[in-house]
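Chain identifiers are assigned alphabetically (A, B, ...) following the order of the sequence lines, protein sequences preceding nucleic acid strands; residue numbering begins at 1 within each chain.
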Amino acid sequence: MNSVILTHHNPIDLELTLNSGQAFRWIRNGNLFEGVLGDSLVTLQDKGESIEVINWDSDTECILKHLRRYFRLDDRWEEILETLGRDMHVAEALLRYQGLRLLKQDPWETLIAFVTSSVSSIAKVSYCLEGLCQQFGRRLNFGTSARCAFPTPYELARASEKELRSVGLGFRARYVKEIAGYIADSEIDLEFLQDLPYDNAKEWLMGLPGIGPKVADCVLLYSLDKTEAFPVDRWIERVLLNWYPAYKRRWTRDTHKWAVEYFGKYAGYAELYLFQHIRTDSKQRNR
DNA sequence: CCACGGCCTGATTC
DNA sequence: AGAATCAGGCCGT
């Protein structure tokens, strides 16, 4: 077992970030967060100015490098703050949810996660994904902990639709099977999408079954470095209608286009913060 | 192009 | 308690 320190200059709130609806497999245990990155299990603990990383992998340099990318520590934070801070609502959210970060996750896992998220709840997505991992992923044992790796395209392609339904995927099981089959057969590494312009990458993703504009944008934003992606779900649609008269008066139905024109190339960050804002507000109202 | 119903299923609401 | 409704969409008509 190793313990290493991940240093960062700008705030990271683990609780906020890992439960913001970007990632679904982190497990909180007190103030520890346990997750699976590739084939390694890591436990994170907030130390204020840094994060302590406990892991069972021999190559700690590799883990640190992975985490630096995962939390996007090389983003130009000042530029992001300056660009987005011009909008009143986003500025408020940036302040209120300090430490909420965009993640860069594995594209394959993110793709399946957001296909699963369609007309579902975060709790259910977590449940389904954990089921997928336990049924079809490789078992990983680390000391006293045991988790499972996210199944590869091959592992999911081999599963029957019925087996996939057994973990609670419902009508999404067919999408998962078809996508896994296609990716496995063509031996595609989804990272290639990172080198494509946003529009082309989105178009490619939307060619897959079960992937429309919203899911495609989630995959692009949360795993492929496309910060101009702006996932529009019912919450965000509501936010824009309620808070942005300029949007309400719009002549186009293309919400994404409006958002990028309005928020700029970091529109995805704006979405992340606005989503957190509306979700927290609505939780508090129901209390 | 737009509008609409159907889709699995667990949780929440009435 | 049991039935309706909803939940971070997408697809076919």
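At a threshold of 4.0 angstrom between heavy atoms, the contacts of A:G210 are confined to the sugar-phosphate backbone, with no base atom among them. Heavy atoms of A:L164 sit nowhere under 4.0 angstrom from any nucleic acid atom. Residue A:F230 is out of contact with every strand shown, counting any heavy-atom pair closer than 4.0 Å. Across all strands shown, A:T116 has no heavy atoms under 4.0 Å from either base or sugar-phosphate atoms. When heavy atoms are screened at a 4.0 angstrom cut-off, A:I236 is found touching no nucleic acid atom at all. A:P213 comes within 4.0 angstrom of the backbone, heavy atoms only, and of no base.
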Can you list the steps and then say if A:H8 with A:F71 is a ring pair (Phe, Tyr, Trp, His ring centres under 6.0 Å)? CA-CA 10 Å; A:H8 54 85; A:F71 286 107; 8.2 Å; no
Could you give me the CA-CA distance, side-chain angles and deciding distance for A:V119 and A:R172, then say whether side-chain contact (heavy atoms from CB on, under 4.5 Å) is met? CA-CA 10 Å; A:V119 213; A:R172 308 160 194 87; 4.2 Å; yes
So which protein N/O to nucleotides 9-12 of chain B N/O distances come out below 3.5 Å?
from: B:dT9; atom 1: O4'; to: A:K124; atom 2: NZ; distance (Å): 3.4

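Taking atom P on both C:dC11 and B:dG10, the two are 23 Å apart, rounded to the nearest angstrom. Rounded to the nearest Å, the gap between the P atom of B:dC2 and that of C:dG8 is 26 Å. Taking the C1' atom of each, B:dG5 and C:dT5 are spaced 16 Å apart, rounded to whole Å.
Using a 4.5 Å cut-off on side-chain heavy atoms (C-beta onward), A:E187 and A:Y154 make contact.
The side-chain tip of A:R72 does not point at the ring of A:W77 from less than 6.0 angstrom away and within 45° of straight on.
Under the 30°/60° scheme for interplanar angles, the aromatic rings of A:Y273 and A:Y269 are found to lie parallel. Ring planes of A:F114 and A:Y222: tilted class, angle from 30 to 60°. Ring geometry for A:F142 versus A:W56: interplanar angle of 30 to 60°, hence tilted. Ring orientation note: the planes of A:Y182 and A:W204 are tilted relative to one another, at an angle of 30° to 60°.
Protein chain A contacts DNA chain C from C:dA7 to C:dC11, reading 5' to 3' and using non-hydrogen atoms of the protein with a distance under 4.0 Å.
Pairing analysis of DNA chain B (Watson-Crick: purine N1 to pyrimidine N3 plus N6-O4 or O6-N4; G-U wobble: N1-O2 and O6-N3; both under 3.5 Å) yields stems of 3 or more pairs at B:3-7 with C:9-13, B:9-14 with C:2-7.
In this model, a donor atom of one side chain and an acceptor atom of the other lie less than 3.5 Å apart for A:Y262 and A:D87.
In summary, A:D281 and A:R96 engage in a salt bridge, as defined by a charged side-chain N under 4.0 Å from a carboxylate O.
Both A:Y244 and A:L241 sit in one connected hydrophobic cluster of ILVMFWY residues. Membership requires side-chain heavy atoms under 4.5 Å apart, directly or through other members.
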